[in-house]
Amino acid sequence: MTHPTTSPDTIAAIATAPGRGGVGVVRVSGPGAAGVAQGLLGRLPKPRYATLAELKDAQGRPIDQGLALYFPAPHSYTGESVLELHGHGGPAVLQALLDRCLELGARPAEPGEFTRRAYLNGKLDLAQAEAVADLIDAASAEAARAAARSLMGAFSQHVHALQASLTELRMRVEATIDFPEEEDVVAVETARVQAGLEQTLADLERVLASAEQGALLREGVHVALIGQPNVGKSSLLNALAGEEVAIVTEIAGTTRDAIRQAVDITGVPFWLVDTAGLRETDDPVEKLGIARTWAAVEKAGIALLLVDAAHGIGPAELAIIARLPPGIARLTVHNKIDLGREAPRVEDDGAVWVSAKTGAGMDLLRQALLRLAGWQPAGEGAYLARRRHLRALADTRRHLRAALELAGQLELQAEELRLAQEALGAITGEHTPDDLLGEIFSRFCVGK
C-alpha cells in the first residue's frame with residue numbers, strides 16, 4: 001500500500017558502520033538535499049552520476065575529496081531528493097561531513113528513518129522494509145540470500161496473490177447477500193466460494209510453510225547441551241563449532257558458566273550453549289553453574305542430552321529428562337563411541353551415536369539437528385520472514401477456516417473474510433498501526 005507523503009524536513013546520517021574503513025557514506029534525504037549539495041560542493045551534481053568533488057566547510061576549506069551522487073525525487077530510495085556523499089571512511093572526516101550537512105539545514109536521522117520514508121512513499125511495502133534490516137543482520141549466507149529475495153518482493157508477491165483471492169471471494173459473498181431471492185444463483189455462488197476458500201487455504205498453507213522456514217533462517221535455533229559432568233559436552237561444542245571455544249579436561253565439572261557459540265549448519269544458524277554438568281554437589285560455584293544450566297534450558301528450543309555411550313541412559317539421565325520443560329524438543333547423543341569401537345549411527349528413536357573426539361557421526365548429528373528444528377531446504381525460492389508474519393498468516397488461516405465452516409451463513413462468512421484480509425494486510429502494511437511501525441523501524445540502524 002502506498003502512503004504518499006512529503007516530509008517537511010531534511011535528514012542526514014552516516015550510513016556506514018562505525019569505525020575506520022576505506023570508504024564512508026553520508027546520506028541526506030528530503031527537500032533540502034539540493035541545498036546541502038550546493039553548500040558542500042558549490043554546485044548541484046548531475047542527477048544519478050557519480051561526481052568527483054571537493055567537499056568544503058562553511059569557510060570554503062576542504063573537508064574531504066570524494067564522490068557525490070544526487071537523486072532527485074521521486075526517483076530515489078526514499079522517494080525524496082537524496083544526496084549521498086562517498087568519502088574516506090575515517091570517523092573524524094565522516095563526522096565533519098555530517099556536521100556540515102546539519103549546518104546546512106538537515107537534522108540527524110532517527111534509526112530506520114530513511115527506510116521508513118521509503119515505505120511511506122510507496123517505494124517498499126512493510127515486508128520489504130523489514131527485509132532491509134534482515135539482510136544487514138543475516139547470520140548466514142543462506143539467510144542473506146533469503147532476505148534479498150524478500151527485499152526484491154518474493155514474499156510480498158505471495159501475500160498480494162492471497163489478497164487478490166480474498167478480494168474476489170469477498171466480492172462473491174457480498175454479491176450473493178445483495179440478491180438473496182435468486183436461489184439458483186445463490187447456490188452456484190456458494191459452491192464457488194467454498195471451492196475458492198479451499199484453494200486459498202491450500203495456497204496459504206504453502207506460504208505459511210515457506211515463512212516458517214524463513215523465520216528459522218532469520219532467528220536460528222537455541223540448543224542447550226546438557227548431561228552429567230565429563231560426558232563430552234565441551235568437546236561436542238568444539239567439534240560442531242570447528243574450533244576450541246570451550247576448555248576440555250579430564251576433570252569433571254570444568255564448565256561452570258554457560259558458553260554460547262553460533263554454528264552454521266547448511267545456512268541455518270544454531271546457537272549452542274555449553275552448560276555445567278548436572279549432578280548433586282556441595283560446591284557453591286558449581287551450584288551456580290547448574291542453576292544457569294537450567295535457565296539456559298528454559299530458553300532453548302532443543303535440549304541435546306549427551307550421555308556416555310558406554311553407560312547409556314541411567315537414573316541420572318532419566319531425572320534430567322523428567323525435569324525438562326514441557327514441549328521442548330530433545331535429542332539424545334551417545335558420545336565417546338571411539339572408546340567402545342561403536343559405529344556412528346542414528347537409532348529408530350532418533351538418538352545419535354558419535355565421537356566428539358574423532359568427529360565420527362558428526363554429520364549425522366548435524367542432520368538430526370536440522371530435522372528436529374524442522375528445516376526443509378526450499379532451494380532458491382526461500383524468503384525470510386518474521387514471527388509477526390507467522391502470527392498474521394496463522395490469524396488469516398484461522399479466519400479462513402471459520403469462513404469455510406460458515407457455508408450458507410453469508411453475513412458471518414463475509415465478516416470472517418474481512419478479518420482474514422485485515423490480518424494478511426498487516427504483513428505488507430495495508431493494516432498496520434503507527435505504534436507497530438515505530439517499533440519496527442526503531443530497531444534499524446541509523447543511516448538506513
Side-chain angles (χ1 to χ4, degrees), residues 1-4 74-79 115-138 141-172 195-219 267 375-400 417-432 436-437 440-441 444 448:
M1 182 178 180
T2 303
H3 307 264
H75 305 296
S76 71
Y77 176 72
T78 63
T115 304
R116 181 167 186 158
R117 291 188 177 198
Y119 162 69
L120 292 174
N121 287 318
K123 292 294 182 176
L124 303 169
D125 65 32
L126 192 55
Q128 290 175 292
E130 289 170 303
V132 172
D134 292 337
L135 182 57
I136 294 169
D137 295 336
E142 183 63 30
R145 285 191 290 268
R149 285 189 283 271
S150 289
L151 177 57
M152 296 301 291
F155 183 29
S156 299
Q157 287 170 10
H158 289 293
V159 173
H160 291 316
L162 289 170
Q163 286 277 34
S165 297
L166 286 173
T167 298
E168 183 177 350
L169 287 170
R170 290 184 67 186
M171 289 172 59
R172 289 187 179 278
L197 276 170
E198 291 175 356
Q199 182 60 56
T200 304
L201 262 172
D203 294 341
L204 176 65
E205 292 290 357
R206 285 190 288 272
V207 174
L208 181 55
S210 295
E212 287 172 343
Q213 298 297 292
L216 185 60
L217 274 178
R218 179 179 181 271
E219 299 174 1
W375 174 246
Q376 297 176 349
E380 290 303 310
Y383 47 79
L384 226 57
R386 297 185 171 201
R387 286 291 154 187
R388 79 168 194 90
H389 302 152
L390 299 185
R391 288 193 297 269
L393 290 169
D395 287 344
T396 304
R397 179 175 59 184
R398 176 167 52 85
H399 290 301
L400 284 179
L417 287 172
R418 185 190 68 80
L419 292 172
Q421 195 161 35
E422 188 173 286
L424 197 60
I427 294 175
T428 51
E430 283 91 339
H431 305 286
T432 306
L436 177 58
L437 292 179
I440 289 171
F441 289 108
F444 280 53
K448 196 59 186 171

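Values below: every heavy atom of this structure, side chains too, minus hydrogens, waters and symmetry copies.
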Can you tell me how far the [atom1] atom of [X] sits from the [atom2] atom of [Y], to the nearest 0.5 Å?
| X | Y | atom1 | atom2 | result |
| --- | --- | --- | --- | --- |
| Leu419 | Leu424 | CG | CG | 12.5 Å |
| His158 | Gln163 | NE2 | CD | 14.5 Å |
| Arg206 | Leu204 | CZ | CG | 10.0 Å |
| Trp375 | Glu212 | CH2 | CD | 12.0 Å |
| Gln213 | Gln376 | CD | CD | 5.5 Å |
| Arg170 | Arg172 | CZ | CZ | 15.0 Å |

Might you point out which heavy atoms bring [X] and [Y] nearest each other, and give the distance in Å?
| X | Y | result |
| --- | --- | --- |
| His75 | Lys123 | CA-NZ, 4.3 Å |
| Ala147 | Ala131 | O-CB, 3.7 Å |
| Gly267 | Leu217 | O-CD2, 3.3 Å |
| Gly214 | Leu384 | O-CD1, 3.4 Å |
| Thr200 | Leu166 | CG2-CD2, 4.4 Å |
| Gln128 | Leu151 | NE2-O, 3.0 Å |

Looking at side-chain heavy atoms only, is the closest gap between [X] and [Y] below 4.5 Å?
| X | Y | result |
| --- | --- | --- |
| Leu197 | Leu417 | yes |
| Arg386 | Asp134 | yes |
| Tyr119 | Val132 | no |
| Asp203 | Gln199 | yes |

Tell me whether the rings of Tyr383 and Phe155 are parallel (<30°), tilted (30 to 60°) or perpendicular (>60°). parallel
Only counting residues at least two apart or in another chain, list the ones meeting side chain to side chain donor-acceptor pair (under 3.5 Å) with Arg116. none
Residues two or more places apart in sequence or in another chain: which of them pass side chain to side chain donor-acceptor pair (under 3.5 Å) with Ser156? Asp125
Side chain to side chain contact (heavy atoms under 4.5 Å, CB included) test vs Ile427 passes for just one of Leu126, Leu162, Leu393, Leu390, namely Leu393
With salt bridge (charged side-chain N to carboxylate O under 4.0 Å, His left out) as the rule and sequence neighbours excluded, what pairs involving residues 156-167 come up? none
With no hydrogens and no angle check, just 3.5 Å: does a side-chain donor-acceptor pair link His399 and Glu422? no
Strictly distance-based, threshold 3.5 Å: is any side-chain N or O of Arg388 a donor or acceptor partner for the main-chain N or O of Ala426? yes
